[in-house]
Amino acid sequence: MELDEKKYLFLFILIPIVVCIFLFNMYWKRRTQREFGDLEMVKKLSPEKSVFKPVLKIVVILLALTCLIIGLVNPKIGTKMETVKREGIDIVFAVDVSKSMLAEDVVPSRLDKSKQLVSQIINQLGSDRIGIVAYAGSAFPVLPITSDYSVAKMFLQSMSPGMVSSQGTSLDEAIKLSSTYFDEKSKTSKLLILISDGEDHSEGASAAAEEANKLGMKIITIGVGTEKGGTIPLKENGVVRGYQKDQNGETVITKLNQEGLKTIAKATKGGYVYGGSTKEVLEYVKNALNNIQKTEFEATQMAEFQSQFQWFIGFAFLLLFIDIFLLERKTNWIKELDLFNEKK
């Protein structure tokens, strides 16, 4: 269950306020009656006045007010799992999380830019299934193939260099792990979107791409960074404490290697696009997806949350309607029961 309009929860403060007003009104009436004359005499002068009805009326009003507030908050319920037919392709995003991706030659950093690109691509997807792989010196499975985009975005934002122990950049490991995400027997089209600065510290990326091509995979590579390059800041609690240095004590300058990424994409008859412009990347990926054959598959998803405000609003108006007929006179059958010892 989720609450759609939590901002209205403050209205619950009206409940104790109404109760206080009611109690004060009861006290004021009793004090005024005492000033007018003897309470027993006043009671005899108004024998049809009920002690129970005023309490019942305030309870009904409080219940109606509570229902109105809950209706404004609009609770939503939806826990039903359902299997739906979808038509799309399987896409794996392989995101480079090596330390070189912390370079800030692209604002705010290469890694943050990569996350933004993947998130925006996910936003324009329709019925495709997606998975996520993180890689540096080795590859790490982040999220298996799923149709739940919100979960994918949550895992995406948590990605960092610390999740892969082996540093460096091994594009072949990323391709090999990503290929295991796809069902070889499935006829669903397979696409790997690989995001990196292209600094490959391994050998065999081209060979891994050729093997992926044999499995029917298509690879789109996205280059993030600049050819001029940038330093790798070392931060502590968000504050830069220094910059990455090599074995000789020289500050490391990491540069975008577009040629390596183009070679990988070419091996699978895919394509390369520079990630400097989000709009250009989205247009490129969109055109590429339009040219890939989509197949029908089953997907399990959570049914959408359904608004429940109408039940509470309806019940509130019902209670207010009932309150109209609740007079402060004694009801005959309740008077016969004498629940409050009103008979004398």
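- Under the 4.5 Å side-chain heavy-atom criterion for grouping Ile, Leu, Val, Met, Phe, Trp and Tyr, Phe312 is connected to Leu11 within one hydrophobic cluster.
- Distance alone, capped at 3.5 Å, places no donor-acceptor pair between the Ser119 side chain and the Lys115 backbone.
- Contact of the Ser114 side chain with the Met101 side chain is registered, since non-hydrogen atoms from C-beta on lie closer than 4.5 Å.
- Taking CD of Glu5 as the reference point, atom CG of Asn74 lies at 7.0 Å (rounded to 0.5 Å).
- Tyr135 places none of its side-chain heavy atoms less than 4.5 Å from the side chain of Val164.
- Not a single donor-acceptor pair under 3.5 Å links the side chain of Asp172 to the backbone N or O of Gly204.
- A heavy-atom distance below 4.5 Å is not found between the side chains of Lys190 and Leu215.
- Taking all atoms of both residues into account, the shortest heavy-atom contact from Val281 to Gly275 is CG2-CA, 3.7 Å.
- Residues satisfying the side chain to side chain contact (heavy atoms under 4.5 Å, CB included) criterion with Leu318, sequence neighbours excluded, are Phe315, Ile322.
- Counting heavy atoms of neighbouring residues, nucleotides and ligands inside a 6.0 Å radius, atom NZ of Lys153 exceeds 12 of them.
- The local environment of NZ in Lys245 is crowded, with over 12 non-hydrogen atoms from other residues, nucleotides or ligands closer than 6.0 Å.
- Atom CH2 of Trp28 sits about 9.0 Å away from atom CZ of Phe24, to the nearest 0.5 Å.
- Between Asp128 and Tyr149, the closest heavy-atom pair is O-OH, 2.5 Å.
- Around atom CZ of Phe12, more than 12 heavy atoms belonging to other residues, nucleotides or ligands sit under 6.0 Å away.
- Counting heavy atoms from C-beta outward, Leu234 and Gln244 have side chains that approach closer than 4.5 Å.
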Derivation of the side-chain contact (heavy atoms from CB on, under 4.5 Å) call for Val92 and Ile132: CA-CA 6 Å; Val92 172; Ile132 301 177; over 6 Å; no

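- A donor-acceptor contact shorter than 3.5 Å is absent between the side chain of Asp112 and the backbone of Pro108.
- Note that the CZ atom of Phe155 and the OG atom of Ser150 stand 10.5 Å from one another [nearest 0.5 Å].
- The environment of CD1 in Ile13 is sparse: at most 12 heavy-atom neighbours from other residues, nucleotides or ligands sit within 6.0 Å.
- The main-chain N or O of Ile222 is never found under 3.5 Å from a side-chain atom of Tyr284 such that the two would form a donor-acceptor pair.
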Phe93 vs Ile122, side-chain contact (heavy atoms from CB on, under 4.5 Å): CA-CA, chis, key distance, verdict: CA-CA 10 Å; Phe93 294 94; Ile122 291 175; 4.0 Å; yes

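- Criterion: ILVMFWY side-chain heavy atoms under 4.5 Å apart, direct or through other members. Under it, Val59 and Ile70 are part of a common hydrophobic cluster.
- More than 12 heavy atoms of other shown residues, nucleotides or ligands fall within 6.0 angstrom of atom CZ in Phe22.
- By the 4.5 Å heavy-atom criterion applied to side chains, Pro161 and Leu111 are counted as neighbours.
- Between the Asn290 side chain and the Lys286 main chain, a donor and an acceptor come within less than 3.5 Å of each other.
- A donor-acceptor contact shorter than 3.5 Å links the side chain of Tyr274 to the backbone of Gly225.
- Between Lys57 and Asp323 a salt bridge is recorded (basic side-chain N to carboxylate O distance below 4.0 Å).
- In summary, Glu211 and Lys214 engage in a salt bridge, as defined by a charged side-chain N under 4.0 Å from a carboxylate O.
- The hydrophobic clustering, which links ILVMFWY residues whose side-chain heavy atoms are closer than 4.5 Å, places Val19 and Leu320 apart.
- Connection of Val151 to Val95 is established within a shared hydrophobic cluster, with ILVMFWY side chains joined at heavy-atom distances below 4.5 Å, either directly or through further cluster members.
- Taking 4.5 Å as the limit, every side-chain heavy atom of Lys255 sits out of range of all side-chain heavy atoms of Glu227.
- Contact check on Arg129 versus Asp90 returns a salt bridge, with a Lys/Arg side-chain nitrogen under 4.0 Å from an Asp/Glu carboxylate oxygen.
- Checking each of Leu289, Ile130, Ile195, Leu282 against Ile121 for a side-chain contact (heavy atoms from CB on, under 4.5 Å) leaves exactly one that passes, namely Leu282.
- Annotation: the span from Leu143 atom CG to Met159 atom CE amounts to 10.0 Å, rounded to 0.5 Å.
- Looking at Leu191 and Ile292, their side chains come closer than 4.5 Å, going by heavy atoms from C-beta outward.
- Closest heavy-atom contact between Gly131 and Ile145: N-CD1, 3.9 Å.
- Linking ILVMFWY side-chain heavy atoms closer than 4.5 Å, directly or via other members, places Leu319 and Ile61 in two distinct hydrophobic clusters.
- Taking every heavy atom of both residues into account, Asn287 and Asn291 meet most closely at O-ND2, 3.1 Å.
- The closest donor-acceptor contact from the side chain of Thr146 to the backbone of Asp148 lies under 3.5 Å.
- In this structure, the side chains of Glu199 and Ser98 stay at 4.5 Å or more apart for every pair of heavy atoms.
- Each of Glu283, Lys113, Gln120 was compared with Thr278 under the side chain to side chain donor-acceptor pair (under 3.5 Å) criterion, and only Lys113 meets it.
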side-chain contact (heavy atoms from CB on, under 4.5 Å) between Leu9 and Val73, intermediate numbers included: CA-CA 7 Å; Leu9 288 173; Val73 173; 3.7 Å; yes

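- Interatomic distance, Ile89 CD1 to Ser127 OG, rounded to the nearest 0.5 Å: 11.5 Å.
- Not one N or O on the side chain of Asp197 forms a donor-acceptor pair closer than 3.5 Å with the backbone of Leu256.
- In plain terms, the two heavy atoms of Ser100 and Ile232 that are nearest each other are CA-CD1, 3.7 Å.
- Residues satisfying the side chain to side chain contact (heavy atoms under 4.5 Å, CB included) test with Leu65, not counting sequence neighbours, are Leu14, Ile15, Val18, Ile69.
- The local environment of CD in Gln293 is sparse, with at most 12 non-hydrogen atoms from other residues, nucleotides or ligands closer than 6.0 Å.
- The CD1 atom of Ile175 lies 9.0 Å from the OG atom of Ser170; values are rounded to the nearest 0.5 Å.
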Residue pair Arg241, Val239: steps toward the side-chain contact (heavy atoms from CB on, under 4.5 Å) verdict: CA-CA 6 Å; Arg241 300 297 183 185; Val239 180; 4.1 Å; yes

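- The number of heavy atoms from other shown groups lying within 6.0 Å of CD (Glu280) does not exceed 12.
- Across every non-hydrogen atom of Asp96 and Ser196, the tightest pair is OD2-OG, 2.9 Å.
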Listing, residues 261-271 side-chain donor-acceptor contacts under 3.5 Å, not counting sequence neighbours, or none:
{"unit_1": "Thr263", "atom_1": "OG1", "unit_2": "Glu259", "atom_2": "O", "d": "2.9"}
{"unit_1": "Thr268", "atom_1": "OG1", "unit_2": "Ile219", "atom_2": "N", "d": "2.9"}
{"unit_1": "Thr268", "atom_1": "OG1", "unit_2": "Ala265", "atom_2": "O", "d": "3.2"}

